[in-house]
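Lettering of chains follows the sequences in order, A, B, ..., and the numbering in each one begins at 1. Bear in mind that the values here come from a model prediction, so they are computed numbers and not experimental data.
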Number of protein chains: 2
Amino acid sequence: MGEGNGSDRAVVAGIREAILTGEFVPNQRLVEADLSERFAASRARVRAALLELTNEGLVERVQNRGARVRAVRLEEAIEISEVRMVLEGLCAAKAATRITEAESEELERIGENMREAVASGDVLGYSRLNERLHRRVREISGQHTAATVLERLRAQNVRHQFRLAMHPGRPTVSLPEHLAIIDAIRAHDAEAAEAAARAHLRSVIRTLPEAARRPAEPA
Amino acid sequence: MGEGNGSDRAVVAGIREAILTGEFVPNQRLVEADLSERFAASRARVRAALLELTNEGLVERVQNRGARVRAVRLEEAIEISEVRMVLEGLCAAKAATRITEAESEELERIGENMREAVASGDVLGYSRLNERLHRRVREISGQHTAATVLERLRAQNVRHQFRLAMHPGRPTVSLPEHLAIIDAIRAHDAEAAEAAARAHLRSVIRTLPEAARRPAEPA
DNA sequence: ACCGACGAAATTGGTGACAATCTCGGTGGT
DNA sequence: ACCACCGAGATTGTCACCAATTTCGTCGGT
């Protein structure tokens, strides 16, 4: 896709990282001068970076009032997840038709590691595998457009995603869903892969409201 | 969603309009000084506008080499249409569950007008109704996130969309598809609505390569 | 005639200063 | 005690200018 300025990328990446790790919390003001100092960049660059992050949906800007970290409400998180549902379904289906032998073995390994992580109660490890699985499916699908949109939406939902991962008993529910996706893709069954991916996201959407009720903040 | 600067909007809208109407053709260079004069705006504003349009996927920028209108290749147009397929499916399904009586009658009228346009060979009128139908379905669905993504993708594909509309015999093929979408939504049948929307987009994707072979330029 | 080096013109990138606007605490009147 | 007003400080928006880079025509050498 269209790349902005090369030097800008560092600032964009830095601010995005800070938002995604939770260092910058929702509704926190993002003052251009402060960011300029922190990232050792000119104000113009910070400005451009905020513009870009606004388009990505991570930042909200108001005329003459500056930028703040966008707070995604539960209702919106559900909408985003509904879009993810159909897009991940598309990617899973395409991945099923394109997957190579090497990639198939990689997915198998991810599945095995997930099983182990859940068995040993390694929530963080499972969360990482989760993200890796979804990313690999996107990549294998070869759907560049869908992948770009999905990454963007995933970033917007990171906070809700985190709460979900911390929801008690969640891994036990999602593990079989993930394994079903892996199996269908490895079997080159596009229809089943799409159905499995959708079922998984449907389960996420169902759980989102519960998870939102318990406050849980990242480090 | 996040709004940029209010004053910038005019320049952004102006450039976008020029690209969408085909006045600015793909790969045409967008020189900041020229745009600055044309839209009576400072270069800084033009610069910000180009940044935003880059994020929208309408413009491509290269470091120190300026901006040009992004050319969407056929392969990419197909990918975009595949994403549209699942998203329009989602919107159609949601619209089926939410549509009101008044909206139902509006869709019926649009369907009637489409029939008449095709019968009288009014290609342009049919094209406008086509766009209106898709937009109304998005609105009725209440899926703000999906609608935003769809509008963006539709803008990127405008050139291919135009070629498609000019493809001989195309309206005769797409009319029943559109009517099927309308009927399913009006019948509150979410599953059928999604299937109809997908079938329609699948038909678009099938025709895209043929339409791309015949050159056809907008006014 | 071909090819690479060179330099002028065009274009973009960056910076600093200034203007416009908003926020927030205080002040005076009722 | 309450409220409208207002002014200082903070923050964003805008602009003009200069530096850096690319582009392209020209020139000299082979």
Donor-acceptor under 3.5 Å (A:His160 side chain, A:Ser81 main chain):
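Answer holds: no.
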
Where the side chain of A:Glu79 meets the backbone of B:His144, is there a donor-acceptor pair that is under 3.5 Å apart?
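Checked: pair present.
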
Which part of the nucleic acid does A:Leu50 contact within heavy-atom distance under 4.0 Å: base, sugar-phosphate only, or nothing?
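Touches nothing.
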
Rounded to whole angstroms, how far apart are [atom1] on [X] and [atom2] on [N]?
X	N	atom1	atom2	value
A:Leu51	D:dT12	CG	P	13 Å
B:Glu32	D:dT14	CD	C1'	15 Å
A:Arg47	C:dG13	CZ	C1'	16 Å
B:Glu52	D:dG13	CD	P	13 Å
A:Arg61	D:dT12	CZ	C1'	8 Å

For nucleotides 17-24 of chain C, 5' to 3', base contacts (B), sugar-phosphate-only contacts (S) and non-contacts (-) with protein non-hydrogen atoms under 4.0 Å give ----SSS-

Which residue pairs satisfy the salt bridge (Lys or Arg N to Asp or Glu O under 4.0 Å) criterion with at least one member in residues 139-158 of chain B, sequence neighbours excluded?
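Salt bridge (Lys or Arg N to Asp or Glu O under 4.0 Å) check on residues 139-158 of chain B returns B:Arg135-B:Glu139, B:Arg136-B:Glu139, B:Arg138-B:Glu151.
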
For [X], side chain to side chain donor-acceptor pair (under 3.5 Å) partners two or more places apart:
X	value
B:Arg43	B:Glu32
A:Ser36	none
A:Ser141	none

Sequence-distant partners of A:Ala33, side-chain contact (heavy atoms from CB on, under 4.5 Å), two or more places apart
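If we apply the side-chain contact (heavy atoms from CB on, under 4.5 Å) test to A:Ala33, skipping adjacent residues, the hits are A:Val31.
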
Checking B:Glu17 now: which residues fulfil side-chain contact (heavy atoms from CB on, under 4.5 Å) with it, not counting sequence neighbours?
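With neighbours one apart ignored, the set is B:Thr21.
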
Quick one: is A:Ser42 getting a side-chain N or O under 4.0 Å of the C:dG14 phosphate, OP1 or OP2?
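Answer no for this pair, as no side-chain N or O of A:Ser42 is under 4.0 Å from OP1 or OP2.
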
Considering residues at least two apart in sequence or located in another chain, which fulfil the ring pair (Phe, Tyr, Trp, His ring centres under 6.0 Å) criterion with A:His134?
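A:His178, A:His200.
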
N/O to N/O distances under 3.5 Å, protein versus nucleotides 5-9 of chain C:
none

If you only use heavy atoms from C-beta on, which nucleotide in C:dT12, D:dT14, D:dT11 is closest to the side chain of B:Arg45?
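Nearest to the side-chain atoms of B:Arg45, counting from C-beta on, is D:dT14.
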
